[in-house]
Structures are given as C-alpha cells and as structure tokens.
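Because the structure is predicted, anything quoted here is derived from the model rather than measured.
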Amino acid sequence: MTIEYYDSVWDAIEDRLRSELMARIVGRVKEWNITQKEAANRLGITQPRLNDLLSGRINKFSLDALVNLTGPAHFHLELEIEDEKEVAA
C-alpha cells in the first residue's frame, strides 16, 4: 500500500472529487448508448475532450471543468456542510 502525501487537505479532497465526478459522468455517457460525437455535443465539449474523459485522463480535467459537465449530464451536485452538534442530535 502506498501512502500519498498532499500539500493541503484541499488537494486530497479535490483528487477524490474529480475522480468521483469523472466516474459518474463516464457512466452517464455509457448509459446514453450514443456515439462519441453525439455525447460530446450533448455535454458541450469536443470529441477529443470526451475521449480524454472516457479514457480516464483525470489530470486533463480540473474540478471546475467536471462540475460544469454535471448539468449537461443531468446530475444535481450539492455541497453540504453540517454542524456536528446538529448531526449528533
């Protein structure tokens, strides 16, 4: 098992979020069962960009870029921050 070190907690969270978003968007594209050209048009990106997504080239996508694809992929994205006191009650 390899231990990974990050410069900040945000860097660690960002990697996980990008990975999860990418996996969900790829899954949605596969559900559509359409050509890459049609899927790229639906997402509002180029076909080579879609190919990067489908090939798992995560380093080519910022968190912002992936968040921007959630709308065209028909996902509702939500960030929730709760007070620990309220969660425990």
A.B. asks: Calculate, to the nearest 0.5 Å, the distance between atoms CD1 and CD belonging to I25 and E20 respectively.
C.D. replies: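 One finds 10.5 Å between CD1 of I25 and CD of E20.
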
A.B. asks: Measure the shortest side-chain to side-chain distance between L69 and L21 over non-hydrogen atoms and say whether it is less than 4.5 angstrom.
C.D. replies: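 Sidechains of L21 and L69: no contact.
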
A.B. asks: Evaluate the criterion side chain to side chain contact (heavy atoms under 4.5 Å, CB included) for residue pair V67 and F75; output intermediate values, then yes/no.
C.D. replies: CA-CA 10 Å; V67 166; F75 285 115; over 6 Å; no

A.B. asks: What's the spacing between E38 CD and N33 CG if we round to 0.5 Å?
C.D. replies: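 Answer rounded to 0.5 Å: 10.0 Å.
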
A.B. asks: Give a yes or no answer on whether the side chain of R28 reaches the backbone of H74 with a donor-acceptor pair at less than 3.5 Å.
C.D. replies: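 Between the backbone of H74 and the side chain of R28 there is a qualifying donor-acceptor contact (under 3.5 Å).
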
A.B. asks: Please evaluate residues R16 and I13 with respect to the criterion side chain to side chain contact (heavy atoms under 4.5 Å, CB included), reporting the C-alpha separation (whole Å), side-chain torsions for both, the decisive distance (0.1 Å), and the verdict.
C.D. replies: CA-CA 5 Å; R16 175 160 178 163; I13 292 170; 5.9 Å; no

A.B. asks: Could you measure the distance from the CG atom of L77 to the OG1 atom of T70? Nearest 0.5 Å is fine.
C.D. replies: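 Answer rounded to 0.5 Å: 5.0 Å.
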
A.B. asks: Can you give me the closest heavy-atom contact between M22 and D52, atom names plus distance?
C.D. replies: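 Taking every non-hydrogen atom into account, CE-O, 4.4 Å.
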
A.B. asks: Got a sec: does the CZ of R24 have more than 12 other heavy atoms crowding it under 6.0 Å?
C.D. replies: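 Count not over threshold, so no.
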
A.B. asks: Rounded to the nearest 0.5 Å, how far apart are CG of L63 and CD1 of I58?
C.D. replies: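 The distance works out to 9.5 Å.
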
A.B. asks: Is the NZ or CZ atom of R18 both under 6.0 Å from the centre of the six-membered ring of F61 and within 45° of that ring's axis?
C.D. replies: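 No.
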
A.B. asks: Under a 4.5 Å cut-off applied to non-hydrogen side-chain atoms, are T46 and R49 in contact?
C.D. replies: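 Counting from C-beta outward, T46 and R49 do come under 4.5 Å.
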
A.B. asks: Within a strict 4.5 Å, meaning less than it, do heavy atoms of the I34 and V29 side chains meet?
C.D. replies: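 Heavy-atom side-chain distance check fails, nothing below 4.5 Å.
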
A.B. asks: So, using side-chain contact (heavy atoms from CB on, under 4.5 Å) as the criterion, who are the partners of Q36 when residues are at least two apart?
C.D. replies: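 Q47, L50, N51, L54.
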
